[in-house]
Structure formats: structure tokens, C-alpha cells
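None of these values were measured; they are calculated from a predicted model. Below, all heavy atoms of this structure are taken into account, side chains as well, without hydrogens, waters or symmetry copies.
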Amino acid sequence: MSRPDQQEPIVFELHTGPDAGSEESGADPDGSPGRRAPRLPRLSRRTWLVAVAAVAVVVVGVTAVDLVRDGRRAELMRTSPIGVASLDEALAKAWTVPFDVPAPDGSQTFVDLQLVTMDGLLVVPPGAAQRYVGTGDSARVGFEDVVAVDPGSGEVAWRVPVAANPVCGPSGYDASVSTDALVCVQGPADAREVLTIAPDGGTRSRPADLAAGEQIFPGPDGTAVRVVRTGDAAEEAVCDLGACTPSVLTQGRDVLVTAEDAATGAERWTSTVEFAPADTINCQQVGNELEQGSVDADQVTVYTSAESVTVDGCGIWGALSTRGVRLDLATAPDAEVQVDVGTGLPTHGWVTELGPDLFGVESDPMRTVVVDGAGKVLRTLDGWLRGGNMSPDAPDDLWFVTTRSGGYGFVAVREDGSVAWKDLNSQSILLLGRDVVVADRGATVVGLARDTGEELWSWESGDMAGLSRYRALTDGETVVLEHQRQEGTGPGVLVALDLGTGEQVWDAPLAGSAVAVDGHVVEVGPEGLAGLG
């Protein structure tokens with residue numbers, strides 16, 4: 001690392017030879033010459049001050065460079081959903097914001113909570129939290145309003161009340177979704193409204209004006225998404241104790257998808273998702289899996305991510321970009337949708353968001369096509385793209401894919417398609433760092449050199465019995481691994497490892513799950529939010 005220019009050095013000349021006639025000759029008492037201790041020259045006071053100042057300039061200069069480097073890294077980390085400004089010291093609670101409806105059994109509950117970031121604030125939609133207990137039961141936990149919290153101070157920046165049955169988006173469970181507009185669809189079924197919330201808490205509301213059979217959902221990029229079945233009615237079917245007649249629905253209706261500006265209602269795009277044969281049992285009315293009941297062949301719902309929407313229902317599956325392009329058909333745009341009749345999921349075309357306007361689309365046999373939001377193919381990878389949290393300071397020179405159906409191991413592929421290195425032993429990638437890839441091997445965590453795959457270090461702890469690794473956070477120098485109870489209840493633990501050596505730096509208890517927001521760590525627990533710093 002370059003350093004600021006230093007002043008010309010001041011040279012001190014040390015005389016160590018005999019100096020006849022000097023009172024400080026160091027001669028032995030008997031007058032024989034002896035070795036004299038070195039002494040500094042007698043410089044003027046001004047010279048000494050200049051010397052001290054020169055040394056101070058060097059020290060301050062180096063310190064300033066380090067501070068600038070650390071400051072730039074901290075600012076870079078604030079841009080990432082896994083980035084933390086600093087993880088030098090063990091995290092402890094700095095503030096708390098209690099839920100309006102906390103979990104009744106406290107630490108014995110694990111809470112999943114829909115989250116979104118808006119202009120550096122952590123925004124929590126209402127009624128989206130679930131508490132999971134050992135019996136598998138669930139109940140609503142969380143805020144009654146849409147609540148925005150400053151992740152640094154814990155100050156509630158704003159609260160927006162919502163009507164009955166609110167569904168808000170886009171959002172996710174790890175605060176990785178960032179948006180400039182949160183859209184909530186609310187109110188009774190016959191009078192749904194579209195509420196748009198800005199980063200400062202400002203709102204705009206309008207009636208949804210739904211037609212017969214039409215539904216509306218929050219969408220990405222400030223949109224609301226309407227869906228309605230079109231065409232001839234599906235064949236009748238009935239299920240009784242898990243057996244359905246007919247077992248496969250071969251006739252059904254397509255879905256017309258319309259994205260409109262959430263605030264104004266102006267249409268942005270439309271698309272049609274075609275019906276494909278489906279296992280009838282997957283089309284039962286909710287709650288009738290083990291009882292006699294009719295089949296709802298028109299069921300359909302919409303899931304909203306940061307950059308796409310997924311339309312899912314009886315015989316229906318499709319992923320669309322914010323431009324209305326069918327991403328799942330990018331590998332075979334002229335082919336019919338192929339859906340597994342047993343699971344209702346596509347046999348190919350599974351879409352993963354890789355970044356702004358960038359998607360990975362899986363195809364058979366074990367291939368990933370990388371496309372943009374317009375469906376343009378940017379590259380093709382042999383293997384399925386492996387997920388891994390990417391540190392914001394990491395280069396994008398390698399792609400990580402698995403070529404084994406069991407999912408174990410991965411291959412690091414260069415931009416030109418050549419293989420840089422392989423690791424066939426890891427279960428998953430925990431972090432793609434600047435210099436190190438952190439991988440999970442079950443009992444151990446390993447750090448692999450990003451350029452060669454060489455194992456640089458490994459870490460394991462006997463104190464992690466009954467815990468599984470859930471999430472990774474980083475400040476570029478340290479990786480923090482979140483460990484949760486395998487049974488889903490009870491406290492977890494955060495473990496910080498030095499990225500260069502794998503040495504455990506610290507550990508800290510965790511009541512819920514930990515997410516990064518604007519460079520800060522926020523704990524989502526059974527009783528509310530807590531800032532960890």
C-alpha cells in the first residue's frame with residue numbers, strides 16, 4: 001500500500017571509537033581504553049523538534065491512510081445486505097424495539113419476519129411474522145402497522161397504519177430486499193385497496209377496483225400485479241383421503257398477468273402464463289388435504305421478489321421480470337412449460353435473482369443460463385449456479401456452480417468458461433469473500449483461496465452440537481456465522497472468524513436471527529427488534 005511522501009530523513013551519526021581527552025571516553029579505571037557506549041549527537045532543541053515532528057508525520061500519515069481505507073470499506077459494506085461496518089468486537093444489545101404482539105413463550109419461539117430496507121431504514125410490514133413452536137403450530141407475531149426503524153439508533157422513524165388483511169411487498173426474510181416503494185394491498189375481499197408507502201413514510205392510496213375473479217398483489221419496482229384466469233373452465237375433480245379423481249388435471253385455464261403502477265393504476269405490461277397438466281392433489285382447496293373436498297382448479301397466487309414476480313397456482317408456474325418478460329422460458333422461449341405433475345414445480349426454468357437486472361435460469365441437463373431483465377442470454381454455465389453470499393468487496397471474476405445431482409461440492413469457473421478449481425467436499429458456500437471462499441463441510445468450516453481453491457484454514461467447535469449454520473455476515477476482514485437450533489426453537493449463537501486465518505475472534509448469544517441493514521446488525525427476536533453493536 002502506498003503511503004504519503006515523507007520528509008527527508010534526519011541522519012544520526014553514532015561515534016563508537018575512542019575519543020582521546022574526553023571525560024566520557026569510557027576507559028577502565030586503570031586508564032586502559034575500553035568500549036564506550038554509543039551516544040546520540042548533541043543536537044539543538046529545534047533539530048530535535050523537527051525530528052519528532054517528522055516521525056509524527058509518518059505515523060499520522062500511515063494512520064490516516066488506514067482510517068481512509070477502513071472508512072471506505074465500511075461505506076462499501078453499508079451497500080450490501082450481508083455487509084457490516086465493523087465486526088472487530090463481540091456484538092451486544094445497544095437498543096430494543098418491542099413488538100406490538102410479542103411471542104407469548106419468549107425464547108422458546110423462533111420468529112420469521114418479512115423485512116425490507118428503504119433508504120437505510122429497516123421496514124417491517126404488519127402481520128407477516130410467524131412463530132414456530134416444537135409442535136409445528138404457528139401464530140402471528142410482530143407489529144400491527146408498517147414500522148420503519150433506524151438500525152443505528154433504534155429510533156422508530158415512522159409508522160403507517162394499515163387496514164384489514166394487509167399483504168405488503170416486496171420483502172424477504174433476511175432484509176436483502178431494498179426498494180423505493182413498499183406496496184400493500186389491504187381491506188376486505190370485496191373492497192381491496194392499494195397503498196403505496198415512500199421511504200419517508202408518505203402514503204398514497206386508491207381502490208383496487210377488481211373485476212370478477214380478479215386478484216391483486218403487491219409487486220416489485222412500485223407495481224401492483226393483477227391476475228385472472230382466462231379461457232374455458234377446467235374439468236371437474238374431487239379428492240378423498242389423499243386420492244383424487246382424475247389423478248391428473250389435463251385441462252385448465254391460463255392466467256393473464258397485468259402489472260400496473262401501484263400509485264396511479266397506469267398499466268405497465270401484461271403477460272400470459274399458460275396452464276400445464278398438474279397433479280390434482282396439488283389443486284385441492286386449502287385445508288382439505290386429508291378430507292373429502294372439491295378441487296380449486298382456478299387457484300393462483302403471486303410471490304414478489306426484489307426484481308421479479310412468480311405466478312404460482314393449479315397448473316400454473318411462471319417467473320417474470322419487472323419488464324414483463326418470462327424469465328423461466330429464457331432457456332427455451334418457444335417451448336411449452338414443463339411442470340412436474342407431482343410437485344407442481346417446473347422441471348426447468350427455475351429462476352434465481354443474481355443482482356440488479358440479472359438472473360440465473362436453470363435448465364436440463366444441469367445448465368444455468370444467465371439473462372437480463374429483457375431475457376437476453378448473457379452466458380451459459382455448465383452446472384447449476386451455487387448460491388453464496390457475496391461480500392461487496394469481492395471480485396466478480398468467477399462463477400460457482402455444482403455439476404453433481406447430490407448438490408455436494410462446486411466448481412469455480414472463469415469468465416472464459418474454463419475451470420479455475422474444484423471443491424467436491426463442501427455442502428454449501430457460506431461467503432464469497434475478496435480473497436477467501438468460506439464453505440460449510442458439516443462438522444467444519446473451511447476457508448479456500450479464491451484464486452486457487454487451496455485450503456487456507458479450517459474451523460470447528462464442539463460447542464455447536466444441535467446447531468446449524470443459517471446466515472453469514474461480514475465486514476471484509478471478519479465473517480460472522482449465525483448458528484440456529486436445529487429444532488427451530490431456543491437461542492442461537494454468533495461466531496466470528498478471522499477471514500485470513502480462520503481464528504475464532506469472538507462469539508455472542510443470539511435470541512432470534514441476525515440481519516444486516518445499512519452496515520448495522522439487527523436481531524429479530526421473539527419479543528421484538530434489537531440493535532447489536
message: For A514, is there any backbone N or O sitting under 3.5 Å from a side-chain donor or acceptor partner on R471?
response: yes
- request: Mark yes or no for whether Q299, through its side chain, and Q284, through its backbone, hold a donor-acceptor pair below 3.5 Å.
  value: yes
task: Look only at the side chain of W457 and the backbone of L499, and say whether a donor-acceptor pair between them is shorter than 3.5 Å.
output: yes
task: State whether the side chain of D145 and the backbone N or O of V147 hold a donor-acceptor pair below 3.5 Å, judged by distance alone.
output: no
query: To the nearest 0.5 Å, what is the distance between OG1 (T402) and CG (L424)?
result: 8.5 Å
query: Taking D328 for the side chain and A319 for the main chain, is one N or O donor matched with an acceptor at less than 3.5 Å?
result: yes
task: May I ask you to decide if T380's main-chain N or O and R367's side chain share a donor-acceptor pair within less than 3.5 Å?
output: no
Passing candidate, side-chain contact (heavy atoms from CB on, under 4.5 Å) with P170, options V183, D221, V177: V177
- request: Determine, step by step, whether R386 and S426 satisfy the side chain to side chain contact (heavy atoms under 4.5 Å, CB included) criterion, reporting the C-alpha distance in whole Å, the side-chain angles of both residues, the deciding distance to 0.1 Å, and the verdict.
  value: CA-CA 11 Å; R386 288 298 298 264; S426 298; over 6 Å; no
R78 (side chain) donor-acceptor with D518 (main chain) under 3.5 angstrom: yes
field: Taking every non-hydrogen atom, the tightest pair across T196 and A181
entry: CG2-CB, 4.2 Å
- line: Here the disulfide bond (SG atoms under 2.5 Å apart) pairs for residues 187-232, sequence neighbours left out, are none
query: Do V446 and S458 have side chains that get closer than 4.5 Å, going by heavy atoms?
result: yes
field: S468 OG to E482 CD distance, which is reported to the nearest 0.5 Å
entry: 9.5 Å
- prompt: What do you reckon, is CD of E236 surrounded by more than 12 foreign heavy atoms closer than 6.0 Å?
  reply: no
field: Qualifying disulfide bond (SG atoms under 2.5 Å apart) pairs, either residue in residues 423-457, two or more places apart
entry: none
- prompt: When rounded to the nearest 0.5 angstrom, what is the spacing between OG1 in T474 and CG in D393?
  reply: 7.0 Å
field: Heavy-atom closest contact (C283 atom, A278 atom, distance)
entry: SG-CB, 4.4 Å
message: Using every non-hydrogen atom in the two residues, find where G476 and R434 come nearest and quote the distance to one decimal.
response: O-NH1, 3.6 Å
- request: Only one of D232, T230, D298 passes side-chain hydrogen bond (donor to acceptor under 3.5 Å, both in side chains) with R253; say which it is.
  value: D298
- prompt: Between D423 and R441, is there a side-chain N and carboxylate O pair less than 4.0 Å apart?
  reply: yes
field: Interatomic distance, D150 atom CG to L122 atom CG [nearest 0.5 angstrom]
entry: 10.0 Å
message: If you apply the rule ring-ring contact (aromatic ring centres under 6.0 Å, His included), what do you find for F410 with W421, and how did you get there?
response: CA-CA 9 Å; F410 56 88; W421 50 272; 5.7 Å; yes
- request: With the side chain counted from C-beta on, respond yes when L121 and V149 share a heavy-atom pair under 4.5 Å apart, and no when they do not.
  value: no
message: For E260, is there any backbone N or O sitting under 3.5 Å from a side-chain donor or acceptor partner on E267?
response: no
message: I'd like to check W399 versus L385 (side-chain heavy atoms, cut-off strictly below 4.5 Å). Are they in contact?
response: yes
- prompt: Would E214 and R192 pass as an ion pair if we require N to O under 4.0 Å?
  reply: no
Test log, rule salt bridge (Lys or Arg N to Asp or Glu O under 4.0 Å), inputs E307 and R323: CA-CA 10 Å; E307 298 268 335; R323 308 185 203 183; over 6 Å; no
- request: Show the numbers, then the answer: is there a side chain to side chain contact (heavy atoms under 4.5 Å, CB included) between I316 and V311?
  value: CA-CA 7 Å; I316 292 294; V311 182; 3.8 Å; yes
Validation row: V370, V377 side chains within 4.5 angstrom (heavy atoms): no
field: Backbone of T258 reached by a side-chain donor or acceptor of R268 within 3.5 Å
entry: no
query: Could you go step by step and tell me if I82 and D174 meet the side chain to side chain contact (heavy atoms under 4.5 Å, CB included) rule?
result: CA-CA 9 Å; I82 67 165; D174 54 4; over 6 Å; no
- prompt: Hey, does I429 have a side-chain heavy atom less than 4.5 Å from the side chain of F400?
  reply: yes
- prompt: Is atom CZ of R414 surrounded by more than 12 heavy atoms (other residues, nucleotides or ligands) closer than 6.0 Å?
  reply: yes
- prompt: Under 4.5 Å between any side-chain heavy atoms of S308 and E353, yes or no?
  reply: yes
message: Strictly below 4.0 Å, N to O, side chains only: are R450 and D435 in salt-bridge contact?
response: no
- prompt: Under the 3.5 angstrom rule, does the side chain of T368 hit a backbone N or O of G383 as a donor-acceptor pair?
  reply: yes
query: Say you draw a straight line from CG of L381 to CD of E362; how long is it, rounded to the nearest 0.5 Å?
result: 11.0 Å
- request: Check whether any side-chain heavy atom of V116 sits under 4.5 Å from a side-chain heavy atom of L182, and report yes or no.
  value: yes
query: Does the pair Q484 and S513 meet the rule for a side-chain hydrogen bond (donor to acceptor under 3.5 Å, both in side chains), with working shown?
result: CA-CA 8 Å; Q484 294 288 351; S513 60; 5.3 Å; no
query: How close do V248 and E235 get, heavy atom to heavy atom, and via which atoms?
result: O-OE2, 4.2 Å
- request: Identify the two heavy atoms, one from P125 and one from Q114, that lie closest to each other, and give their separation to 0.1 Å.
  value: CD-O, 3.1 Å
query: For L448 and V436, what are the C-alpha separation, side-chain angles and deciding distance, and is it a side chain to side chain contact (heavy atoms under 4.5 Å, CB included)?
result: CA-CA 5 Å; L448 308 175; V436 179; 5.8 Å; no
query: Which atoms form the tightest heavy-atom contact between D475 and R73, and what is the distance?
result: O-NE, 3.0 Å
query: Is any side-chain heavy atom of V123 closer than 4.5 Å to a side-chain heavy atom of T117?
result: no
- request: Find the distance between CZ (R469) and CG (L481) and round it off to the nearest 0.5 Å.
  value: 7.0 Å
- prompt: Between the side chains of T310 and D312, does any donor sit under 3.5 Å from an acceptor?
  reply: no
